[in-house]
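Below is one structure, written out as structure tokens; the observations come after it.
Order of the sequence lines fixes the chain letters, A, B, ..., with proteins taken first and strands second; residue numbering starts at 1 for each chain. Every heavy atom of this structure was used, including side-chain atoms; hydrogens, water molecules and symmetry mates were not.
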2 protein chains.
Amino acid sequence: MTAKQNFYQISVTTDVVLLTIEDDKLKVLLIERAQKPFAKKCALPGGFLHKGETSEKAARRILKQKAGVSNVYLEQLYTFDKKGRDPRGPIMSVVYYALIPRREIMIEGAATIQTPTFHDVSRLPKLAFDHSKIVSYALKRVRYKMEYTNIAYSLLPAEFTLSQLLRTYEVVWGRKLDKRNFQKKILSLAMIRPTGRVLRGGRQRPARLFRFSSRSIRELERFF
Amino acid sequence: MTAKQNFYQISVTTDVVLLTIEDDKLKVLLIERAQKPFAKKCALPGGFLHKGETSEKAARRILKQKAGVSNVYLEQLYTFDKKGRDPRGPIMSVVYYALIPRREIMIEGAATIQTPTFHDVSRLPKLAFDHSKIVSYALKRVRYKMEYTNIAYSLLPAEFTLSQLLRTYEVVWGRKLDKRNFQKKILSLAMIRPTGRVLRGGRQRPARLFRFSSRSIRELERFF
DNA sequence: CCAAAAGTGTTGACTGTACACCCATGT
DNA sequence: ACATGGGTGTACAGTCAACACTTTTGG
């Protein structure tokens, strides 16, 4: 069944802000544009919706194509349709953001022409379209959401040490946190549980390994 | 300039969750549908985007048509496009929510067929389409946003008493607040300023009148 | 003088923050 | 033995929550 044709219809794209942590920096996936408009400028991965496809499905398709990922934390960010945002005409973009550990991303296998690359969010060039604004907005949302949910799970492997978790928060928020206070708070929230196992291999005391109590999004009592 | 036609295009609507306070209850504007689908069910005011119109423009147009309001707090809520949400086919809805004092709404003058009416959000019937879910989502957002911004200004007249402000929070959050703690907190945040004027007329001690320090949205240090 | 809402402080509990040293391991 | 990150507790300050009586007015 399709919509009646007696109403104005418009072109809709989906863009995805894929965030990950690499080298203790928060990074976003960008693709250098080959064609006009904004040729040679970096842009978010995205594309037009296919027939019968929802925006979320399209976002997942794009993530698969451009970053080779399929299991990912994905959330709708905002719909951008300000006049003039795309020089080709009125194009609405339903934007999603995604979080995933760096090691689960395989850009090599991606079926795309220009190779997508990760860029440190604190040193971004000017992006194509309104994508600079979109990235800022995504950062704001992620930072905020990490204050009252467990979404950090989506940036970490199943088992991790307290230091890794701490570093994740520090990298996303861009500030240092106190190790002792952090541990007290996180444990009191029951966001994570010790596995009883331990990580050896550094030339230091072995670190206890933890798991998230739930690996789907949960709202917690606000912390930090 | 228009978008190239070689991509699939879809029908886009805008729906608006207009919230206000009436009789110390939080209410939402609904319109009983005359036609199928969902004839006789209540639905949010909304409609298809016109050619060249942005979703926000459309939301403002609908508010003007259905509620006779033009100055209003308006914020994009979410874009709904889940498969099957509209039996007529794949229709995407960019939803906004709006806040305004009851006395600034003039439904009588509205150019519409079915008269829109306000419904207590705590006693809603089943709504058409996915509108029940949309209203819940809007309520969650508004309640949340009142915790860390000054958006309460959009539900109050320019000058108001502390009791009115307190009642606004109580109605939106659906719980009682302590008068003394409320006043201490609100004043310490510098969200509002006394005008020096006073409201007489009740058969009780006159109340001081206040104004919001800013009548556009501001993020405050979190409160309550 | 009575009814109604306005106005006003203190205390105890809890939470957040600052801070420094010893531990277990690999090399 | 030493370098590295892991692991742990206390004390002070600030914030939150609970609580009740007096004031001012209109009728």
Side-chain angles (χ1 to χ4, degrees), chain A residues 21 23-24 143-144 146-149 152 156-157 159-171 173-211 219-224, chain B residues 21 23-24 143-144 146-149 152 156-157 159-171 173-211 219-224:
Chain A
I21 293 178
D23 303 333
D24 283 352
R143 286 171 175 147
Y144 198 51
M146 270 184 64
E147 289 180 13
Y148 69 99
T149 71
L156 286 161
E159 299 201 352
F160 52 88
T161 67
L162 283 172
S163 309
Q164 290 171 330
L165 182 60
L166 175 69
R167 218 158 24 241
T168 300
Y169 277 90
E170 287 181 335
V171 166
W173 286 344
R175 65 187 167 96
K176 286 274 169 219
L177 296 172
D178 180 86
K179 184 167 57 154
R180 281 167 290 191
N181 294 337
F182 179 79
Q183 182 172 152
K184 255 180 297 183
K185 194 60 200 269
I186 288 286
L187 291 174
S188 81
L189 292 167
M191 185 165 81
I192 60 172
R193 285 192 312 233
T195 60
R197 290 157 34 89
V198 84
L199 179 68
R200 314 187 81 91
R203 53 180 165 182
Q204 72 270 120
R205 180 170 175 176
R208 288 174 297 167
L209 285 164
F210 291 80
R211 288 181 163 274
E219 301 204 359
L220 306 168
E221 169 192 357
R222 169 161 306 270
F223 55 107
F224 305 108
Chain B
I21 292 177
D23 304 332
D24 283 351
R143 285 171 176 148
Y144 197 52
M146 270 184 65
E147 289 180 12
Y148 68 99
T149 72
L156 287 161
E159 299 202 351
F160 52 88
T161 67
L162 283 172
S163 311
Q164 290 170 329
L165 182 60
L166 174 70
R167 215 154 32 239
T168 300
Y169 278 90
E170 288 181 336
V171 166
W173 286 344
R175 66 189 166 95
K176 285 275 172 217
L177 296 172
D178 180 84
K179 184 168 54 155
R180 282 167 289 190
N181 294 337
F182 179 79
Q183 182 172 149
K184 253 179 295 183
K185 194 63 198 268
I186 288 285
L187 291 175
S188 80
L189 291 169
M191 185 165 81
I192 60 173
R193 286 194 310 233
T195 61
R197 290 157 33 91
V198 89
L199 180 68
R200 314 187 82 92
R203 54 180 165 179
Q204 71 271 119
R205 180 169 175 176
R208 286 173 298 165
L209 285 165
F210 291 79
R211 287 180 164 275
E219 301 204 0
L220 306 169
E221 170 191 359
R222 169 161 307 269
F223 56 106
F224 304 109

- prompt: What pairs with B:Arg197 under salt bridge (charged side-chain N to carboxylate O under 4.0 Å, His left out), at least two apart in sequence or on another chain?
  reply: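 Salt bridge (charged side-chain N to carboxylate O under 4.0 Å, His left out) list for B:Arg197, sorted by chain: B:Glu159.
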query: Can you list the residues that meet the salt bridge (charged side-chain N to carboxylate O under 4.0 Å, His left out) rule with A:Arg167, with sequence neighbours excluded?
result: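 A:Arg167 satisfies salt bridge (charged side-chain N to carboxylate O under 4.0 Å, His left out) with A:Asp24 only.
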query: In whole angstroms, how far is the P atom of D:dG5 from the CD atom of A:Gln164?
result: 13 Å
query: Whole-Å distance between D:dC16 P and B:Glu147 CD?
result: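 B:Glu147 atom CD is separated from D:dC16 atom P by 13 Å.
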- prompt: Which pairs pass ring pair (Phe, Tyr, Trp, His ring centres under 6.0 Å) with one or both residues in residues 175-201 of chain A, sequence neighbours excluded?
  reply: A:Tyr169-A:Phe182, A:Phe182-A:Phe224
task: Return each pair, listed once, that meets ring pair (Phe, Tyr, Trp, His ring centres under 6.0 Å) where at least one residue sits in residues 187-208 of chain B; pairs must be two or more places apart or across chains.
output: none
Looking at [X], does any N or O in its side chain come under 4.0 Å of the phosphate oxygens OP1/OP2 on [N]?
{"X": "A:Ser163", "N": "D:dG6", "value": "yes"}
{"X": "A:Arg208", "N": "D:dT8", "value": "yes"}
{"X": "A:Gln183", "N": "D:dG7", "value": "no"}

query: When rounded to the nearest 0.5 angstrom, what is the spacing between CZ in B:Phe160 and CZ in B:Arg211?
result: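 One gets 9.0 Å once the value is rounded to the nearest 0.5 Å.
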statement: NZ of B:Lys185 to CE of B:Met191, rounded to nearest 0.5 Å, is 10.5 Å
Passing candidate, side chain to side chain contact (heavy atoms under 4.5 Å, CB included) with B:Phe210, options B:Leu187, B:Thr195, B:Thr161, B:Leu156: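 Only one option passes, and that is B:Leu187.
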task: List the protein contact pattern of nucleotides 18-27 of chain D with one symbol per nucleotide (5' to 3'): B for base contact, S for sugar-phosphate-only contact, - for none; contact means a heavy-atom distance under 4.0 Å.
output: BBB--BBBS-
Expected rows: protein N/O vs nucleotides 14-16 of chain C N/O, under 3.5 Å:
from	atom 1	to	atom 2	distance (Å)
C:dG16	OP1	A:Lys185	NZ	3.0

query: Is the side chain of B:Glu170 donor-acceptor paired with the backbone N or O of B:Leu177 at a distance under 3.5 Å, no angle test?
result: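 Answer holds: yes.
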